[in-house]
Each structure stands twice: as structure tokens, then as C-alpha cells.
Amino acid sequence: MTRMRTMKEFSLIINGDSVATSDHFDVINPADKSVVARCPKATVEQLNEAIVAAKAAFPAWSALTYAERRAKLMQLADALEAKSNAFMTLLTQEQGKPTKGFADLGAGFELGGTLAWIRSTASMELMPETIQDNEIAHIAIHRKALGVVGSITPWNYPLLMGIWHMIPALITGNTVIIKPSEMTPLTTLYFGKIAKDILPKGVLNVVTGAAGEIGEAMSSHKDIDKIVFTGSTPTGKAIMKSAANSLKRLTLELGGNDAGIVLADADIEAVAGKIFATAFINNGQTCAALKRLYVHESVHDQLCEALTNIAGSVKTGNGLDVDTDFGPLQNEKQLDIVKALAQDAKERGANFLCGGKVINETGYFYPITLVNNIQDGARLVDEEQFGPILPIIKFKDVEEAIASANRLAVGLGGSVWSTDIKRAQDVASRLECGTVWINNHAMVQPDAPFGGVKDSGFGVAFGEAGLKEFTSIQTMQTFKS
Ligand code: NAD
């Protein structure tokens, strides 16, 4: 009861204040379809108030040194860490992921990643770059904050994705308005509540609203200087359209359908566990999860058997139960997509090595499912499943596998699995994607740039390249006489 009462107290964060709304919507726990909390539903007028506050806070915040902004962000990381348990529980309730989970990739992983990313990103700094320094002139590139940044996040890693947007924007001197997904807004609102007591008024605002309405108003608003968006390709395209009138800067991290290619010389025993973990990380609801597995015919059966054995040892259930490896899908719509792709595969005569049937209808549960005897052209191969079902496609010649990997419109990540590193790197360099891994997949870290090509978007996150996305160049040419 105490928890339910606390849960009802979420409010918008505007100009350093908790702001109530007259309207609300329910946030559903995907494990049992209960209401976790009522979420404040902002009006466009309230969004406008947040934009006014962020704009007013910008001159003072951007005038601080990196060291001064860093000190505030480090304080924020400490305050968040002190509330770790509450964050993890809330994350499991709104998103579904287990606290610990398979290979320790659950809510604890998201919280740990959040803290690591805040601290690491806040430690970075963009220094002026000198182009020329001689008796004639000193020419240097300076990087200036853009102004007000609008962040729009998805529902798969609600807290971590928000951090990936907010921290590089804030450390470079921008002020922020974040709009989390209406499916998983609570951890971001909770984060905003902690941040309002640490950051100056208006520097970070959290505005939650109805699907599409607030995001669309942000994308078209003349006083938001940049939108950083993570989500689906169709929404990314809609944002780009509405941002055009104000020539807004954009970073679009969109959907993917990453291929993994297992060459004939791969050490199957050594890689099977990693392939499983990176295909099913966050129950498959990960932008750069391994989503199509192309396996050379000589090792196909051995790998299928190894993956099926691992699948037989894991448990799908309520994320609050300590022995749960995988939670439910986050929402009914995503469950329906997974079911439809499985049905199409069945109708095409694909072979289900395990799973494939909904087992528990108290929540949005779908079991870990492995499908072989399937080809390019099946919906499960060609469309992003974003769930716990993996198609395994046999190939004879590596040229076929490379052509298959590159044939789709998306290009986020890809991987090659082999004991011959040089050959693997040669194959990897031919894949059309923003990140390519050898003998791994889906690994990201705060100093390694990450972004997509083709329909997976543009712009990058992380590292110096990621910070630069939140700045504009000012070239200063100082002539000496
Ligand atoms: P989504 O596109 O449906 O929603 C993402 C966000 O956009 C939500 O906050 C939503 O409210 C908002 N939105 C909806 N309509 C809008 C509009 N017209 N204008 C502005 N904002 C709008 O995506 P999702 O279902 O939440 O997330 C799943 C998708 O995100 C998958 O395709 C996945 O691959 C992708 N994703 C990509 C990455 C990456 O880094 N590339 C990371 C995570 C997820």
C-alpha cells in the first residue's frame, strides 16, 4: 500500500518544480497487467512552459566551465546510486526486465550502465582545436552548446537511453527537455525528481504525455534547437519532417535488424553462449541485438543444438521473482508483432527448435524461441522482431551471407564469428552497418561511437564524436597584424 501511494505521486518536472497535471494515463506492469502508477499527462501549454524555462536557464548553464557542470552531474550520479534499489524495482515494474536476469543483463545492468555512463560522459571535455598558429594568424575551432535540446526516448531501456541523451547534452552546456515513452515514463520522472534538487532551475525538465502529441510538438517547436531521438524508423522519419521548418539539428538512433554471420571455422562451443546472450539481451528488445543468425552449413546443426540447450535451461517469468532470466515483452503491441512473425514462419514451414507458443497469459509473456529451416523473405527474417525469437538461416557460401546481411534497408550493427580474425575482419568491413563486432555483438561502451547507417538513422552517440553532436562549430580566426 505504501508503495502504491508513493507511485501515485509522479509529477512533471518544469523549471525545478514538481508540476501536477489535470489529466493522467495508466502505466501498466507487463508481467501482470496491473496499474503501476498514474502518469501525469502534460498539455502542450505545459511543454511550452518547460521550453521557456530551459531557454531561460541556458545562458548561465552554458557559461559554467566543464568542471562546474561535471561536479553537478557527478553529484547526480551519487544521488541516483543512493536510490539504486528503488530505481531497479520501478524499472522492473514498468519495463518488465528482471532485476538480475540472464547473464546479469537485467535491471541491475541498466542501472549500472546508467551510473557508468553518467560518470564517464561527464568526465569528457571538448577542447578547442588549433588549425593554424603562426606569425600570420591563430585559427581554432571552438565548440559551442546549441541551446535547448529535446530528448525523446523509447521503452526498452527507459533510464539508460535517457542518460545517453541527457548527459552529453548537459555536459556540453545545453539545457534539456526529456519526453520518455508513454509506456515507461516512471523511471525518467523519478530521475527528474532527484535532478531538480541538484541542477539549477530549468536545466533539466521532464514532460510526459500522450503518444505522439508531446513528441510532435517538440519536433516542430522553434525554440528547441535539437532533437535527439531513439526509437522506430517510422517515428524518426515523422520527426525529421516536423523538424524541417525550424532547421532543427537531429540525431536519430532508429531500428535495426542486425545480422550475425557464423563462419565455418567458428569455435561453436566458445561462441554459442555469447550468441544466445546477445540475441536475447533484454528479451530481444534491444536495438542492436543479434536479430538474424546466418550460419555456415558445416556448423549449423552443432550451433542449433548448443543454442537449444541453453534455451532449455532458462526461465521466463515475472521480473520481480529472483530466479527469472527473462521477463515479459514490454507491451501487448510488441507481443502481437512477435506472434505474427512466428505465425508467418510456421505457415512457411519453418522449424521451431523451441518455444513458439504463448505459455502464460497473465502478462505479455513469450518464451525464448529458436527457428531454423527459414529463409530470407520470411517476415521473421526481414522485419525487426524486437522480442525473444531468433531466425537461424543456413548458408553455403559466405558471399551469400554478406549479400543477405546487406539486403535490408536498415544498418545498425552486425557481427562475424570466426577463429580466423583477419578473415572475419575482411567480411566485417563489407557489412553495411554503423558498428560491427568480431566474435561478439551488441556491446557498447561510453567512449566508442555508436550509430546507424541507412534507415537506422544518422548521428552518433558516445565518445568525443557523441559530445560533438550537441555543439556547433565556431571557427575563430585571429590575425596578428
Ligand atoms: P517509437 O518510435 O514507437 O517511440 C519512441 C518515442 O517516440 C516514444 O517516446 C514515443 O512517444 C515517441 N513518439 C511517437 N510518435 C511520435 C511523433 N510523431 N513525434 C515525436 N515522437 C513520437 O519506438 P518504441 O516502440 O518506443 O521503440 C522501439 C523501437 O526503437 C525499435 O524499432 C528499436 O529498434 C528502436 N530502438 C533503437 C535504438 C538505437 O539506438 N538505434 C535503441 C532502442 C530502440
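No hydrogens, no waters, no symmetry mates; every other heavy atom, side chains included, goes into these values.
Qualifying salt bridge (Lys or Arg N to Asp or Glu O under 4.0 Å) partners for Asp223, counting only residues two or more places apart in sequence or in other chains: Lys55. By the side-chain hydrogen bond (donor to acceptor under 3.5 Å, both in side chains) test, Gln132 is found to be paired with Asn134, residues two or more places apart in sequence or in another chain being considered. For Glu216, there are no salt bridge (Lys or Arg N to Asp or Glu O under 4.0 Å) partners at least two apart in sequence or on another chain. Judged as a side chain to side chain contact (heavy atoms under 4.5 Å, CB included), and not counting sequence neighbours, the contacts of Ala461 are Glu253. Listed by chain and number, the residues in a ring pair (Phe, Tyr, Trp, His ring centres under 6.0 Å) with Tyr366 amount to none (sequence neighbours excluded). Looking at residues two or more places apart in sequence or on another chain, you find a side chain to side chain contact (heavy atoms under 4.5 Å, CB included) between Thr478 and His138, Met476. In this structure Lys33 satisfies the salt bridge (Lys or Arg N to Asp or Glu O under 4.0 Å) test with no other residue, sequence neighbours excluded. Scanning for salt bridge (Lys or Arg N to Asp or Glu O under 4.0 Å) contacts around Glu110 gives Lys97, with sequence neighbours left out.
Annotation: side-chain hydrogen bond (donor to acceptor under 3.5 Å, both in side chains) contacts involving residues 154-163, sequence neighbours excluded, comprise Tyr157-Thr286. Residue pairs meeting the ring-ring contact (aromatic ring centres under 6.0 Å, His included) criterion with at least one partner in residues 313-334, sequence neighbours excluded, are Phe102-Phe326.
A 4.5 Å side-chain heavy-atom check between Phe462 and Gln445 finds every atom pair outside the cut-off. A 4.5 Å side-chain heavy-atom check between Ile368 and Asn283 finds at least one atom pair inside the cut-off. With a 4.5 Å cut-off on side-chain heavy atoms, Asn309 and Leu307 do not count as touching. For the pair Lys291/Gln385, a side-chain contact is recorded, criterion being any heavy-atom separation below 4.5 Å from C-beta on. Taking 4.5 Å as the limit, every side-chain heavy atom of Glu464 sits out of range of all side-chain heavy atoms of Met124. Counting heavy atoms from C-beta on, the side chains of Arg70 and Glu125 come closer than 4.5 Å. In this structure the side chain of Phe191 reaches within 4.5 angstrom of the side chain of Met166, judged on heavy atoms. Asn282 is not listed as a side-chain neighbour of Phe109, based on a closest heavy-atom distance of 4.5 Å or more.
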Can you list the steps and then say if Thr362 with Asn360 is a side chain to side chain donor-acceptor pair (under 3.5 Å)? CA-CA 6 Å; Thr362 54; Asn360 174 353; 2.6 Å; yes
Is there a side chain to side chain donor-acceptor pair (under 3.5 Å) between Ser120 and Ser123 once you walk through the steps? CA-CA 5 Å; Ser120 172; Ser123 301; 6.0 Å; no
Go through the steps for Trp417 and Ser415 under the test side chain to side chain donor-acceptor pair (under 3.5 Å), then give the verdict. CA-CA 7 Å; Trp417 305 74; Ser415 60; 2.8 Å; yes
Check the pair Tyr364, Gln330 against side-chain contact (heavy atoms from CB on, under 4.5 Å), reporting the backbone distance first and the verdict last. CA-CA 7 Å; Tyr364 307 129; Gln330 199 283 324; over 6 Å; no
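Other residues, nucleotides and ligands contribute only 12 or fewer heavy atoms inside 6.0 Å of the CG atom of Asn85. Within 6.0 Å of atom CG in Asn245, 12 or fewer heavy atoms from other residues, nucleotides or ligands are found, so the atom counts as exposed in its surroundings. At most 12 heavy atoms of other shown residues, nucleotides or ligands fall within 6.0 angstrom of atom CZ in Arg249. Crowding of Glu68 atom CD: a count of heavy atoms from other residues, nucleotides or ligands under 6.0 Å exceeding 12. The number of heavy atoms from other shown groups lying within 6.0 Å of CE (Met240) does not exceed 12.
The residues Arg38 and Asp26 are annotated as not salt-bridged, no charged nitrogen and carboxylate oxygen being separated by less than 4.0 angstrom. The pair Glu129-Lys468 meets the salt-bridge criterion, since a charged nitrogen lies less than 4.0 angstrom from a carboxylate oxygen. At a threshold of 4.0 Å, the pair Asp455-Lys237 counts as salt-bridged, since one of the basic side-chain nitrogens sits closer than that to a carboxylate oxygen.
Considering all non-hydrogen atoms of both residues, Ile14 and Val19 come closest at CB-CG2, 3.9 Å. Closest heavy-atom contact between Val410 and Lys454: O-CE, 3.5 Å. For the pair Ile438 and Ala428, the tightest heavy-atom approach, listed with the atom from each and the gap, is CD1-CB, 3.5 Å. In plain terms, the two heavy atoms of Lys196 and Gly16 that are nearest each other are CD-O, 3.5 Å. Closest of all the heavy-atom pairs between Ser219 and Ile152 is OG-CD1, 4.2 Å.
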Could you pull out all donor-acceptor pairs under 3.5 Å where a side-chain atom in residues 200-213 meets a protein atom, sequence neighbours excluded?
residue: Asn205; atom: OD1; partner: Asn15; partner atom: N; Å: 2.9
residue: Asn205; atom: ND2; partner: Val176; partner atom: O; Å: 3.2
residue: Asn205; atom: ND2; partner: Gly202; partner atom: O; Å: 2.9
residue: Thr208; atom: OG1; partner: Pro40; partner atom: O; Å: 2.7

Can you list, pair by pair, the side-chain donor-acceptor contacts under 3.5 Å of residues 75-82, counting residues two or more places apart and other chains?
residue: Asp78; atom: OD1; partner: Arg119; partner atom: NH2; Å: 2.9
residue: Glu81; atom: OE1; partner: Arg119; partner atom: NH1; Å: 3.3
residue: Glu81; atom: OE1; partner: Arg119; partner atom: NH2; Å: 2.7

